[in-house]
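Taking it in order: structure first as structure tokens, then the write-up.
By convention in this document, chain letters (A, B, ...) are assigned in the order of the sequence lines, proteins followed by strands, and residues within each chain are numbered from 1. This is a predicted model, so every value here is computed, not measured.
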2 protein chains.
Amino acid sequence: MGKVPEECRVEDALSILVGKWKPIILLYLLQEGTKRFSELKRSMPGITQKMLTKQLRELEEEDIVERVVYPQVPPKVEYSVTEYGRSLEPILEAMHEWGTNHTQHKQRKADQQSS
Amino acid sequence: MGKVPEECRVEDALSILVGKWKPIILLYLLQEGTKRFSELKRSMPGITQKMLTKQLRELEEEDIVERVVYPQVPPKVEYSVTEYGRSLEPILEAMHEWGTNHTQHKQRKADQQSS
DNA sequence: CTGGATCCTTAAGGATACTG
DNA sequence: CAGTATCCTTAAGGATCCAG
């Protein structure tokens with residue numbers, strides 16, 4: 001009869017992961033460590049500079065990734081996951097695992113339909 | 001140097017949780033068990049019938065919630081989390097916990113700025 | 001090399017009215 | 001009671017061009 005829990009903080013975590021490229025960026029940086037902007041871009045076929053910049057800025061805003069600018073010409077900027085940001089890793093892994101299983105689950109379901 | 005992992009399934013999990021009301025609906029149903037449409041609606045101030053229907057349909061589509069229609073007048077429809085859907089619970093809880101902590105993290109950060 | 005500025009398209013979300 | 005149908009607004013994402 002009661003209302004939904006007011007203290008639901010799931011969306012706080014969700015909002016940080018949501019963004020077409022954020023999980024990919026995070027997993028990549030977690031795996032590879034520190035990367036330059038151009039390396040990130042090259043590693044993600046399909047992403048535009050604008051989007052990469054935007055997603056990185058948002059992650060930086062939340063203290064998940066760190067941005068280090070080397071004042072030189074041409075510019076050099078490196079990105080890495082912060083110590084704090086690493087606390088997201090278990091969640092990302094859990095979601096990856098769940099997602100993998102879910103793909104199979106849907107496949108099985110689809111197979112049943114056609115039999 | 002390599003590309004980003006092609007086998008990233010994080011978004012599969014993400015896409016199921018994304019939706020303004022989905023986490024709330026899921027947590028509520030996980031907590032309360034089976035609920036009628038009207039009970040869900042009443043428990044979520046701010047949601048419209050259209051949105052509630054839509055979010056529930058999408059969750060049903062992914063086999064996360066079950067919809068049972070009682071053929072009577074007036075209509076009665078009950079929703080509950082499927083056995084399979086419960087596999088999302090650990091992830092939701094982890095996100096809730098992380099989100100709670102993140103709120104504090106941001107608060108601390110904001111306090112530092114103003115000092 | 002990094003990334004800002006502009007313009008455009010699409011999809012999510014919401015307000016409201018209607019129905020078996 | 002439990003929806004559908006319609007119309008509208010906004011934000012995310014993307015293409016493209018410019019700049020220190």
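- Between the CZ atom of A:Arg67 and the P atom of C:dC1 there is a distance of 16 Å, given to the nearest Å.
- A search for side chain to side chain contact (heavy atoms under 4.5 Å, CB included) contacts involving B:Thr100 returns A:Arg9, B:His96, B:Gln104, not counting sequence neighbours.
- Regarding contacts with the backbone of D:dG3, every side-chain N or O of B:Thr53 stays at 4.0 angstrom or more from both OP1 and OP2.
- With rounding to whole Å, A:Met51 atom CE is found 11 Å from D:dA11 atom C1'.
- Side-chain nitrogen and oxygen atoms of B:Arg36 include none within less than 4.0 Å of the OP1 or OP2 phosphate oxygen of D:dC1.
- Applying the side chain to side chain contact (heavy atoms under 4.5 Å, CB included) rule to B:Glu61 yields no partners; only residues at least two apart in sequence or on another chain are considered.
- In this entry the distance linking NZ of A:Lys20 with P of C:dT9 reads 17 Å, nearest Å.
- The side chain of A:Ser38 lies closest to C:dT2, out of C:dT2, D:dG3, C:dG13.
- Near DNA chain C, meaning a heavy atom under 4.0 Å away, the residues from residues 54-63 of chain B are B:Gln55.
- A close approach under 4.0 Å does occur between a side-chain nitrogen or oxygen of B:Tyr79 and OP1 or OP2 of D:dG3.
- Under the side chain to side chain contact (heavy atoms under 4.5 Å, CB included) criterion, B:Val69 pairs with B:Arg67, B:Val77, not counting sequence neighbours.
- Within the structure, no pair that satisfies the salt bridge (Lys or Arg N to Asp or Glu O under 4.0 Å) test touches residues 80-101 of chain A, not counting sequence neighbours.
- Close to C:dT2, at under 4.0 Å from its OP1 or OP2, lies no side-chain N or O of A:Arg42.
- Applying the salt bridge (Lys or Arg N to Asp or Glu O under 4.0 Å) rule to B:Lys22 yields the partners B:Glu58; only residues at least two apart in sequence or on another chain are considered.
- Partners of A:Thr48 under the side-chain hydrogen bond (donor to acceptor under 3.5 Å, both in side chains) rule, at least two apart in sequence or in another chain, do not exist in this structure.
- As a whole-Å value, the separation of B:Gln72 CD from D:dA2 C1' is 12 Å.
- Residues B:Lys20 and A:Glu11 are not paired through a salt bridge, judged by the lack of any N-O separation under 4.0 Å between the basic side chain and the carboxylate.
- Of the possible donor and acceptor atoms, none in the side chain of B:Ser80 sits under 3.5 Å from a partner among the backbone N and O of B:Gly33.
- When hydrophobic residues (I, L, V, M, F, W, Y) are linked wherever their side-chain heavy atoms come within less than 4.5 Å, the members clustered with A:Val68 are A:Tyr70.
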Can you tabulate the close N/O pairs, meaning under 3.5 Å, that link protein atoms to atoms of nucleotides 15-20 of chain D?
none

